[in-house]
Amino acid sequence: MGKKGKSTVTTSSNLFQYLRHLHPNAKLRLYADPSRGTFVCKAVLQYLPDLARQMVFRLASNGSGIFGREECLSWTTSRAQGLKALTEMEDFCVTLPQQPITEEDPKQKQIVQLSKQFLLGIQGCITSLKPTPWPSADIEEKARGFKEVTRMPPTANDLEFYTQRRWDSVLHYLVGSTDYTEDPPSAVVTFLQKTGLMQKDSEFGLVISSKGYEFMLQDVRLQVWLFIVQYLSSFNPIEVDIRHEAILFLISLSYCRVGEGYPWSLLSKDAVVLCRDLSQFGLVYLYNISNDPKNKDAIYFYPTRVAINLIAGSTASISDIGTPSISSTRALNEALTISVPGTSHLAIIVQTNFQICAYTTSELHVSMLGLFCDETQYRRLPNVCFFKITRDSVKSAFRLGIGAGQILQFLKMNAHPRLRNGGPLIPSNIEDQILLWDRERKRVEMEEVWLLQCSGHEEFVAAQQFSIDVGAHAWSSEEKNIVMIRYSQTEPVMAFVHKWRARQTKKRRRS
């Protein structure tokens, strides 16, 4: 997987947050790429708020990309929204940084100017008829030129199952399940350690951590983005070229079509390495028409749906929680038609009596449900499992670092397709009760305080009033002359108390 450096922690939740924190020169270089820069500009434009997008179009149609700042703000009835839109544009280097007004020229007119790289890129995007970064290939036509075709090209369904299988192997490995025969690639195992999803145990070797439990209940697309962030962060600071190519490649994938193959031979040397790496994560499927792995003309890469949806951001991908996963729904439908059920489907029905009916034959799914369900009341039939949600089982999930929102999200994400007719996926009493159990944890908040034992009632009154005035008061007892002060604000209160005592001592001496 290329040369890697020390891994750095990145907290971005989608590709655009990652772009926002890149160096301005790195962003401008992406916009200026001769073959794919237009797609980067298009992606950023689609991400910008509506008002900022309108401003970009007006500036771009001006030719020079320059307008007065006040003129731009006059395009909207809300000045605050206009300023916010201009800030967003500046953050992504869509516009040049604003020059501050100097004392020498206080009447200097401020302007909004599109950066040269973005202006050329967005103008090329508007006028281009190129739908995808690479031309799609007619695989059946190409296959006629080879004597032996080893396998048929993948369909959209095959690509969906391919991604699901990759991530199922990761989750099985996380929980240490022996129900799955395919282990994740070594690069993925290394990632699990670097990100803290697994930790070393002296007795059992690698075991799942509390962070890993939280990871298990997330949507596949959220899990993929976490892998991508780690992958982008793993390059050395000096490896700017391959990081640049990686971002270009990810954005370019988002403008491809599911089920279409693209020639491997058109990729650069760095892109070939990236494509191999992303195939281990399940984002790209590699298809070779012939038996010769060295024949580049016979190799095609197929972006999966997860890779294409990656540009929308992991947070947006889960916003519509009522939409069923295509792969899970299809897997369930197929499982109901075959004599021996498979292990890839999961369909959950939550009943009002806190019982869960889970249609699955996978030990992994049983383990995942066991994170927040009572395993002592677990019952199993050939193709369905029954669990019970209890206060103790949900509380134990909270102790593992799993939140109420994640439990509800998991149940909704894997709800039975027959429940998706417009009604609630989870009974309201169940959802409310899980949220109430979560709030029980927050009834008592631990706060570090400094206990001040006052020498008398007068000192108590003075110290109590001062601590209230400065916002340092946590609790006090007039009976015991005790004031508890927030530890972070101890110094100003104690300084006041020392001065108050000194004044009282002087008064006593005078009298």
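Heavy-atom basis, side chains included; hydrogens, waters and symmetry copies ignored. All values derive from a computational prediction rather than experimental measurement.
- For Thr163 (side chain) and Gly282 (main-chain N/O), a donor-acceptor pair under 3.5 Å exists by modelled atom type.
- Side-chain atoms of Tyr162 come within 3.5 Å of backbone N or O of Val284 as a donor-acceptor pair.
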Does Thr360 form a side chain to side chain contact (heavy atoms under 4.5 Å, CB included) with Ile348? I'd like the steps, not just the answer.
CA-CA 9 Å; Thr360 183; Ile348 296 174; over 6 Å; no

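- Not a single donor-acceptor pair under 3.5 Å links the side chain of Ser128 to the backbone N or O of Cys125.
- Looking at Leu51 and Trp75, their side chains never come closer than 4.5 Å, going by heavy atoms from C-beta outward.
- Gln489 places a side-chain N or O within donor-acceptor distance of the main-chain N or O of Val470, the cut-off being under 3.5 Å.
- Rounded to the nearest 0.5 Å, atoms OG1 (Thr38) and CD1 (Ile126) are 11.0 Å apart.
- Applying the side chain to side chain donor-acceptor pair (under 3.5 Å) criterion to Glu88, with sequence neighbours excluded, gives Arg20.
- Looking at Ile247 and Leu22, their side chains come closer than 4.5 Å, going by heavy atoms from C-beta outward.
- Glu447 meets the salt bridge (charged side-chain N to carboxylate O under 4.0 Å, His left out) test with Arg486; sequence neighbours excluded.
- Put simply, CG on Leu286 and CZ on Arg276 are 8.0 Å apart, with the number rounded to the nearest 0.5 Å.
- Considering every non-hydrogen atom in both Pro131 and Phe39, the closest pair reads O-CE2, 3.9 Å.
- Interatomic distance, CZ of Arg243 versus CG of Leu274, reported as 11.5 Å (0.5 Å rounding).
- Between Leu283 and Ile228, some side-chain heavy-atom pair lies under the 4.5 Å cut-off.
- Considering only residues two or more places apart in sequence or on other chains, Lys130 meets the salt bridge (charged side-chain N to carboxylate O under 4.0 Å, His left out) condition with none of them.
- The nearest pair of heavy atoms linking Pro263 to Pro135 is CD-O, 3.3 Å.
- In this structure the side chain of Leu30 reaches within 4.5 angstrom of the side chain of His244, judged on heavy atoms.
- Across all non-hydrogen atoms, the minimal contact from Pro133 to Arg36 is CB-CG, 4.4 Å.
- Applying the ring pair (Phe, Tyr, Trp, His ring centres under 6.0 Å) rule to Tyr302 yields no partners; only residues at least two apart in sequence or on another chain are considered.
- Applying the salt bridge (Lys or Arg N to Asp or Glu O under 4.0 Å) test to pairs two or more places apart or on separate chains, those with a residue in residues 52-67 are Asp50-Arg53.
- In this structure, the separation between CD on Gln406 and CG on Leu411 is 12.0 Å, given to the nearest 0.5 Å.
- With sequence neighbours left out, the ring pair (Phe, Tyr, Trp, His ring centres under 6.0 Å) criterion links Trp264 to no other residue.
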Under the criterion side chain to side chain contact (heavy atoms under 4.5 Å, CB included), I'd like the reasoning laid out for Leu346 against Phe410: C-alpha separation, chi angles, the key distance, then a yes or no.
CA-CA 11 Å; Leu346 173 62; Phe410 177 78; 3.9 Å; yes

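- By the 4.5 Å heavy-atom criterion applied to side chains, Ile407 and Phe372 are counted as neighbours.
- Residue Ala60 comes nearest to Leu114 through the heavy atom pair N-CD1, 3.7 Å, listed as atom of the first residue, atom of the second, then distance.
- For the pair Arg79 and Glu70, the salt-bridge criterion is met [side-chain N within less than 4.0 Å of a carboxylate O].
- Qualifying side chain to side chain donor-acceptor pair (under 3.5 Å) partners for Asp270, counting only residues two or more places apart in sequence or in other chains: none.
- Salt bridge annotation for Asp241-Arg29: present, with a cationic side-chain nitrogen under 4.0 angstrom from a carboxylate oxygen.
- A salt bridge does not link Glu160 to Arg165: none of the charged nitrogens lies less than 4.0 Å from a carboxylate oxygen.
- Closest approach of Cys373 to Ile356, counting heavy atoms only: SG-CD1, 3.7 Å.
- Remark: the backbone N or O of Ala43 is paired with a side-chain donor or acceptor of Tyr255 at under 3.5 angstrom.
- Between the side chain of Ser209 and the backbone N or O of Leu197 there is at least one donor-acceptor pair closer than 3.5 Å.
- At a threshold of 4.5 Å between non-hydrogen side-chain atoms, the residues Leu159 and Arg305 do not count as touching.
- No donor-acceptor distance shorter than 3.5 angstrom exists from the side chain of Gln81 to the backbone of Ser78, with no hydrogens or angles considered.
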Apply the test side chain to side chain contact (heavy atoms under 4.5 Å, CB included) to residues Leu267 and Cys275: give CA-CA distance (whole Å), side-chain angles for both, the deciding distance (0.1 Å), then the verdict.
CA-CA 9 Å; Leu267 299 179; Cys275 198; 4.1 Å; yes

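- Taking 4.5 Å as the limit, every side-chain heavy atom of Phe118 sits out of range of all side-chain heavy atoms of Cys93.
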Set out, in order, the CA-CA distance, both residues' side-chain angles and the distance that settles side chain to side chain contact (heavy atoms under 4.5 Å, CB included) for Ile66 and Val112, then state yes or no.
CA-CA 6 Å; Ile66 302 175; Val112 177; over 6 Å; no

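- Scanning for ring pair (Phe, Tyr, Trp, His ring centres under 6.0 Å) contacts around Tyr213 gives an empty result, with sequence neighbours left out.
- The closest donor-acceptor contact from the side chain of Thr95 to the backbone of Ser115 lies at 3.5 Å or more, if one exists at all.
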List, one per line, each side-chain donor-acceptor pair under 3.5 Å for residues 425-437, sequence neighbours excluded.
{"from": "Asn429", "atom 1": "ND2", "to": "Thr352", "atom 2": "O", "distance (Å)": "3.0"}
{"from": "Glu431", "atom 1": "OE2", "to": "Lys412", "atom 2": "NZ", "distance (Å)": "3.3"}

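- In this structure, Tyr287 has its ring center no closer than 6.0 Å to that of Tyr300.
- For Ser64, the side chain to side chain donor-acceptor pair (under 3.5 Å) partners at least two apart in sequence or on another chain are Asn62.
- The two atoms that bring Gly212 and Leu174 nearest to each other are O-CD1, 4.3 Å, heavy atoms only.
- Phe301 and Trp134 have their aromatic ring centers within a separation under 6.0 angstrom.
- In this view, Gln54 satisfies the side chain to side chain donor-acceptor pair (under 3.5 Å) rule with no residue, not counting sequence neighbours.
- Looking at residues two or more places apart in sequence or on another chain, you find no salt bridge (charged side-chain N to carboxylate O under 4.0 Å, His left out) involving Arg69.
- Using a 4.5 Å cut-off on side-chain heavy atoms (C-beta onward), Pro303 and Val258 make no contact.
- Remark: Lys395 NZ is packed, more than 12 non-hydrogen atoms of other residues, nucleotides or ligands lying under 6.0 Å away.
- Annotation: the span from Lys27 atom NZ to Gln117 atom CD amounts to 13.0 Å, rounded to 0.5 Å.
- There is a side-chain donor-acceptor pair under 3.5 Å between Asp33 and Ser35.
- Ser268 places a side-chain N or O within donor-acceptor distance of the main-chain N or O of Ala271, the cut-off being under 3.5 Å.
- Between Ser252 atom OG and Ile308 atom CD1 the span is 12.0 Å, to the nearest 0.5 Å.
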